[in-house]
Amino acid sequence: MPDISIVICTYNPSPLIFKRVLDSVAALIIPLNCPIECCLVDNNSQPPLNEIDYIRSFLAATPWARVVVETTQGISAARRMGVKATSAPVIVFLDDDNQPDPNYIANLADLLRQYPQVGIWGPGRVQVEFMETVDAWVEANKWIHQERDVDSVTFGREHYWTPHHPAGTGHVVRRSIMLQYNHLVDGNAISLTGRTGKSLASGEDAQIVYTAIKCGYDVGISPGLVIHHLIPKKRTQISYVKKLLYNIIASGAVANIEIFPDQKDRYYGKISSSRQILISLIRIIGSSVRARSLTMFQMHSSSYLGHLAGSYQVIRGKQPLWLSLAIRLHDLQYACIPLTELGSVN
């Protein structure tokens with residue numbers, strides 16, 4: 001039985017990017033006492049993964065890897081299939097644009113031995129690499145694509161998001177936590193179940209982290225876990241970035257409250273008065289004008305609208321008409337996230 005399962009979910013992957021990911025997986029340094037397996041979850045790709053030459057070469061070179069198919073579209077369904085198709089007590093979820101460092105598994109094995117109380121690990125070093133030349137504002141804001149660089153191992157179990165809560169890139173999750181998370185989803189105790197199609201609304205990664213904490217585990221990041229995040233040109237356009245920022249912030253509030261209903265009080269003060277909202281918008285406009293940057297305005301205003309939408313959704317269960325109109329005017333295409341009955345997570 002393997003000690004670590006690698007699960008990579010994908011739908012019509014970019015050959016330029018996905019080949020690099022698979023080459024890096026094949027080149028991983030695997031300790032002798034740490035057998036692994038790798039499962040590629042094909043989420044309705046055309047052509048199917050098994051028919052693509054470079055993927056067939058990868059499978060031939062790595063007998064511990066295989067492809068399974070999930071016909072239900074969406075990252076949540078694909079991940080569930082990956083969990084079902086593997087057996088190790090620890091699962092490494094790699095996105096199809098996550099290129100792991102050769103020592104990812106070896107360093108992870110050391111972390112698992114040293115810190116058994118940590119239920120989820122994430123990379124402490126995420127190095128964003130753009131696949132094509134990008135605008136200066138994109139280079140200056142690599143944090144949008146989860147770039148980070150920490151010097152030491154850090155972890156905790158706070159009931160709210162902190163810098164050492166691991167983002168979705170390169171998530172390492174104990175199987176028991178994923179099974180508990182799936183149980184909550186099956187019981188309709190939580191409502192955020194990953195992105196589907198063109199939607200960027202997602203709180204799944206955060207809710208998996210909060211589920212680990214709910215189960216009594218710490219969560220953390222380590223500089224020994226290094227991921228190269230390969231970003232295509234289309235995900236550096238402001239039309240994409242503003243939707244991404246909006247939805248991450250808006251869904252983050254709901255993700256938190258559905259797992260920890262007692263945190264709801266933290267959001268009451270986040271619903272601003274009309275005067276406060278006007279002042280905030282004036283400040284955003286002013287800073288953007290001084291910088292002579294329409295892009296800055298779009299980023300900051302989208303983030304602020306996400307903050308408002310998430311807070312209204314948590315406190316009142318819906319957003320006011322004026323906010324819905326503002327979201328539409330910003331072309332954010334955000335669907336209100338349905339809150340499950342608060343307090344239902346046991």
Side-chain angles (χ1 to χ4, degrees), residues 1-10 13-41 49 52-67 79 82 86-116 118 120-131 142 145-155 164 166-175 205 219-232:
M1 176 175 165
D3 288 343
I4 296 174
S5 299
I6 300 173
V7 172
I8 309 176
C9 304
T10 188
S14 160
L16 177 66
I17 293 176
F18 200 44
K19 186 177 187 304
R20 282 184 55 176
V21 172
L22 296 183
D23 287 347
S24 295
V25 170
L28 286 168
I29 298 171
I30 311 299
L32 293 176
N33 60 346
C34 184
I36 71 170
E37 63 179 340
C38 179
C39 178
L40 308 182
V41 182
L49 298 189
I52 300 174
D53 287 344
Y54 73 88
I55 296 178
R56 295 174 67 173
S57 297
F58 165 75
L59 295 171
T62 52
W64 38 270
R66 68 188 188 281
V67 172
R79 282 178 176 171
T86 57
S87 59
V90 174
I91 305 170
V92 178
F93 288 104
L94 294 177
D95 294 336
D96 59 8
D97 58 5
N98 292 172
Q99 181 181 349
D101 182 80
N103 291 307
Y104 204 86
I105 296 299
N107 290 343
L108 171 60
D110 289 339
L111 289 170
L112 293 172
R113 285 192 295 270
Q114 292 179 49
Y115 307 101
V118 178
I120 298 182
W121 286 105
R125 290 181 176 155
V126 178
Q127 300 169 355
V128 171
E129 179 180 340
F130 300 114
M131 304 308 293
K142 287 185 175 181
H145 299 287
Q146 300 184 13
E147 178 157 292
R148 72 195 317 170
D149 188 4
V150 301
D151 294 326
S152 61
V153 172
T154 178
F155 51 82
H164 61 252
T169 297
H171 252 185
V172 178
V173 188
R174 294 188 184 273
R175 179 174 295 273
D205 292 333
V219 299
I221 56 177
S222 169
L225 301 180
V226 181
I227 287 284
H228 298 269
H229 200 186
L230 311 178
I231 308 298

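When side chains are defined from C-beta on, F93 does not count as touching D205, because their heavy atoms never get closer than 4.5 Å. Side-chain contact between S222 and N107 is absent, with no heavy atoms from C-beta onward closer than 4.5 Å. Considering only heavy atoms from C-beta on, D3 stays 4.5 Å or farther from V90 through its side chain. Residues L111 and V153 meet the side-chain proximity criterion, which asks for heavy atoms closer than 4.5 Å. A heavy-atom distance below 4.5 Å is not found between the side chains of R79 and I91. Taking 4.5 Å as the limit, some side-chain heavy atom of V67 sits within range of a side-chain heavy atom of L59.
In this structure, the side chain to side chain contact (heavy atoms under 4.5 Å, CB included) partners of A167, at least two apart in sequence or on a different chain, are Q146. In this structure, the side-chain hydrogen bond (donor to acceptor under 3.5 Å, both in side chains) partners of D23, at least two apart in sequence or on a different chain, are K19. Applying the side chain to side chain contact (heavy atoms under 4.5 Å, CB included) rule to A26 yields the partners F58, T62; only residues at least two apart in sequence or on another chain are considered. Residues satisfying the side-chain hydrogen bond (donor to acceptor under 3.5 Å, both in side chains) criterion with S5, sequence neighbours excluded, are E37. Among residues two or more places apart in sequence or in another chain, the ring-ring contact (aromatic ring centres under 6.0 Å, His included) test is passed with Y115 by W121, F155. With sequence neighbours excluded, no residue forms a side-chain hydrogen bond (donor to acceptor under 3.5 Å, both in side chains) with R56. For R148, the salt bridge (Lys or Arg N to Asp or Glu O under 4.0 Å) criterion is met by no residue, not counting sequence neighbours. Contacts of D97 classified as side-chain hydrogen bond (donor to acceptor under 3.5 Å, both in side chains), with partners at least two apart in sequence or in another chain: H229, R235. Under the rule for a side chain to side chain contact (heavy atoms under 4.5 Å, CB included), the partners of S14 that lie at least two apart in sequence or sit in another chain are L16, I17.
Residues G170 and N98 approach most closely at N-OD1, 3.3 Å, considering heavy atoms. Of all the heavy atoms in G82 and T86, the pair that sits closest is O-OG1, 2.8 Å. Pairing each heavy atom of C9 with each of V7, the nearest pair is SG-CG1, 3.9 Å.
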Derivation of the side-chain contact (heavy atoms from CB on, under 4.5 Å) call for I55 and L22: CA-CA 8 Å; I55 296 178; L22 296 183; 3.9 Å; yes

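Of the candidates L28, V172, V25, I29, L28 is the only one forming a side chain to side chain contact (heavy atoms under 4.5 Å, CB included) with I105.
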Could you list the donor-acceptor pairs under 3.5 angstrom formed between side-chain atoms of residues 122-131 and any protein atom two or more places apart in sequence or on another chain?
residue, atom, partner, partner atom, Å
R125, NE, D149, OD1, 2.9
R125, NE, V150, O, 3.4
Q127, OE1, H228, ND1, 3.2
E129, OE1, R20, NH2, 3.0
E129, OE2, R20, NH1, 2.9

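Sorted by first and then second residue, the salt bridge (charged side-chain N to carboxylate O under 4.0 Å, His left out) pairs involving residues 105-116 (not counting sequence neighbours) are D110-R113.
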